[in-house]
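Structure, as structure tokens:
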Amino acid sequence: MVSKHVIAAASAAAFVLIGNASQAQTNPPTIRQFDPPFYVFSPDPPHDLTANTGAQGNQPYVDSMAWDAFIALNWPAPNPLTQRGVPDRQNIIGGFYQPGEGGGKSSPAGPTVWETFKDTNDIYLDPPVKPTAFDVGESVPPACRSLAAANPVAAHRTLVMKSKFDDVLRGTKQADGNRLVDQNGQDVWYEVKLNRVYYDYVVQNQFYDSRKQAGKTIAFPASSNVTAAPGTIKVKAAWKVMGPSGTKQPDDPTKFYTTQALVLDPDTGKCSQQMLGLVGLHIVMKTKTFPQWLWATFEHAANAPDQMAGPQPNMTYNFYSAACANCAVNTPPTKAQPQVPTQVMRVVPIDGLAATKNALYQAAFKTLRPDNVWQNYMLVDAQWGAKTESPSIPNQPQFLANTTLETYLQAPSGTNGCINCHGAFAAKTDFDFQLTNAYPQKKGLLFDLFRVPGLASPH
Ligand code: HEC
């Protein structure tokens with residue numbers, strides 16, 4: 001039986017009624033049917049791989065689990081926002097649209113649940129003091145305050161590289177310290193958001209203070225297969241500045257999940273309001289079955305062409321120009337030419353299993369509303385590890401990268417790959433790099449970690 005707030009059939013109606021929060025609490029855990037043609041629209045993230053996977057192996061089910069997590073985390077949050085990190089059960093992913101008199105009725109697609117998680121910058125403070133409560137919104141850096149007062153909508157999120165982080169991996173820096181520049185010469189912006197389970201664990205143990213981490217065994221809470229409660233969930237997102245008309249490559253905002261945000265440029269110290277479009281999304285979850293966590297990564301479908309197949313004719317890519325066929329591929333911007341667009345190609349093609357799931361879920365989003373923005377996103381793959389030994393060696397796939405988040409670490413070798421890198425360099429902190437940002441520990445530790453052969457060094 002499928003509970004009331006779940007729709008699971010390829011022929012789901014265009015408009016659906018979602019059970020309210022109090023109903024949902026008394027409902028049994030969501031029942032998930034992973035095999036095509038089924039999919040699940042549920043605002044509750046999957047807590048674990050519960051299917052009996054049989055001869056097919058785990059991967060098709062893990063891919064569905066990744067998509068279901070994507071749906072739950074990109075579900076709109078309630079407006080007004082009284083409690084953070086929870087879904088609006090009266091709404092649906094992408095927002096509903098019901099045609100009717102006077103233009104019909106629609107509901108907002110965002111802010112999404114994950115965007116209301118706690119920002120890492122508001123947990124790891126300098127000096128290390130207890131962070132504000134989970135339900136307190138993002139702090140606004142001084143340089144953005146006057147803009148924030150004038151633009152309350154944008155003020156609910158600030159993508160910043162606060163001055164204290166100016167030499168570490170925040171804002172426009174990828175994991176290896178490099179930036180990604182879009183076709184309009186604009187930097188891509190990054191942010192890390194952490195769910196309530198993560199926040200509670202860190203705050204209760206005072207791990208926001210590096211001295212309290214010393215000598216402790218760090219193990220983030222996993223999901224429960226008894227209560228179906230999700231465990232620790234972390235999100236890392238990549239956003240591009242939406243190119244307005246008149247720019248070299250204007251972006252169509254109806255094809256992206258967009259948000260209004262304040263961005264603080266670390267080099268100029270200037271804060272500006274921007275419309276950002278989501279181009280990359282890492283979702284990481286700790287479950288009972290996966291002590292090495294589940295690592296799902298999604299991208300905007302028009303980010304970059306496959307290196308093997310080459311660009312598709314008549315296709316405009318967010319991070320690739322056909323007119324620049326001789327440009328060096330997957331090469332970071334240089335000091336001499338800091339804002340030259342990065343020519344990005346996907347090194348490892350998306351495999352057949354993920355491609356099949358992508359077609360299924362993209363079609364499913366359209367059944368909710370024909371213009372649902374989420375149909376423009378795809379799962380690159382989902383990596384998982386079920387072992388407690390060899391933390392840096394995943395079960396499957398062997399390597400994984402997102403073209404907007406690990407642009408220059410796509411080669412399937414060495415520590416390129418989610419579990420590969422997090423398991424190798426953040427083994428002591430249960431695969432988590434945020435804990436290594438805790439003060440008063442020396443800043444720049446991550447750069448030190450990355451000064452190893454085979455990894456690009458920060459420019
Ligand atoms: C070469 C190393 C490397 C690889 C490969 C890598 N990461 Fe990371 N990741 C990092 C570093 C370093 C940070 C911390 C910097 C920051 O906050 O952005 C990080 C941060 C994160 C975060 C924020 C939470 C945390 O643990 O700090 C998430 C989520 C994440 N990565 C997911 C992924 C996923 C999913 C993949 C694979 C598709 C991946 N990473 C691949 C190095 C890596």
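All heavy atoms count here, side chains included; hydrogens, waters and symmetry mates do not. Order of appearance sets the numbers: ligands from 1, and atoms from 1 within every ligand. We number each residue from 1, following the sequence as shown.
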Part of Leu409 with heavy atoms under 4.0 Å of ligand 1, whether side chain, backbone, both or neither: side chain
Side chain to side chain contact (heavy atoms under 4.5 Å, CB included) partner of Leu180, chosen from Asn318, Asp187, Leu405, Thr342: Thr342
Close-contact set for ligand 1 against Val192 heavy atoms, below 4.0 Å: 17 (O), 23 (C)
Distance-only polar pair, side chains of Gln273 and Asn151, donor-acceptor under 3.5 Å: yes
Selection from Glu406, Lys234, Gln434 by shortest heavy-atom distance to atom 23 (C) of ligand 1: Gln434
Asp432 and ligand 1 - part of the residue with a heavy-atom distance under 4.0 Å: both
Selected option - heavy-atom contact closest to atom 2 (C) of ligand 1, from Ala382, Cys421, Gly423: Cys421
Atom 8 (Fe) of ligand 1 contact by His422, N, O or S atom under 2.8 Å: yes
Ring centers of His422, Trp295 separated by less than 6.0 Å: yes
Option passing ring-ring contact (aromatic ring centres under 6.0 Å, His included) with Phe134 (candidates Tyr201, Tyr199, Tyr198): Tyr199
Non-hydrogen atom of Phe425 closer than 4.0 Å to ligand 1: no
Nitrogen or oxygen of Thr297 less than 3.5 angstrom from that of ligand 1: no
Ligand 1 atoms in contact with Thr415 (distance to a heavy atom under 4.0 Å): 5 (C)
Presence of salt bridge, Glu299 and Arg346, under 4.0 angstrom: yes
Side chains of Trp384 and Gln59, donor plus acceptor under 3.5 Å: yes
Where ligand 1 meets Leu400 - atom numbers and elements under 4.0 angstrom, heavy-atom basis: 37 (C), 38 (C)
Pair His300, Asn376: side-chain N/O donor-acceptor within cut-off below 3.5 Å: no
Phe433-ligand 1 polar pair, N/O distance under 3.5 Å: yes
Interfacing atoms of ligand 1 (cut-off 4.0 Å, heavy-atom, Phe431): 26 (O)
Heavy-atom donor-acceptor pair, Glu191 side chain to Ala238 backbone, under 3.5 Å: no
Per-atom contacts, ligand 1 versus Val284 - under 4.0 Å to a heavy atom: 29 (C), 32 (C)
Nitrogen or oxygen of Lys236 less than 3.5 angstrom from that of ligand 1: yes
Side chain proximity check, Leu435 to Tyr208, heavy atoms < 4.5 angstrom: no
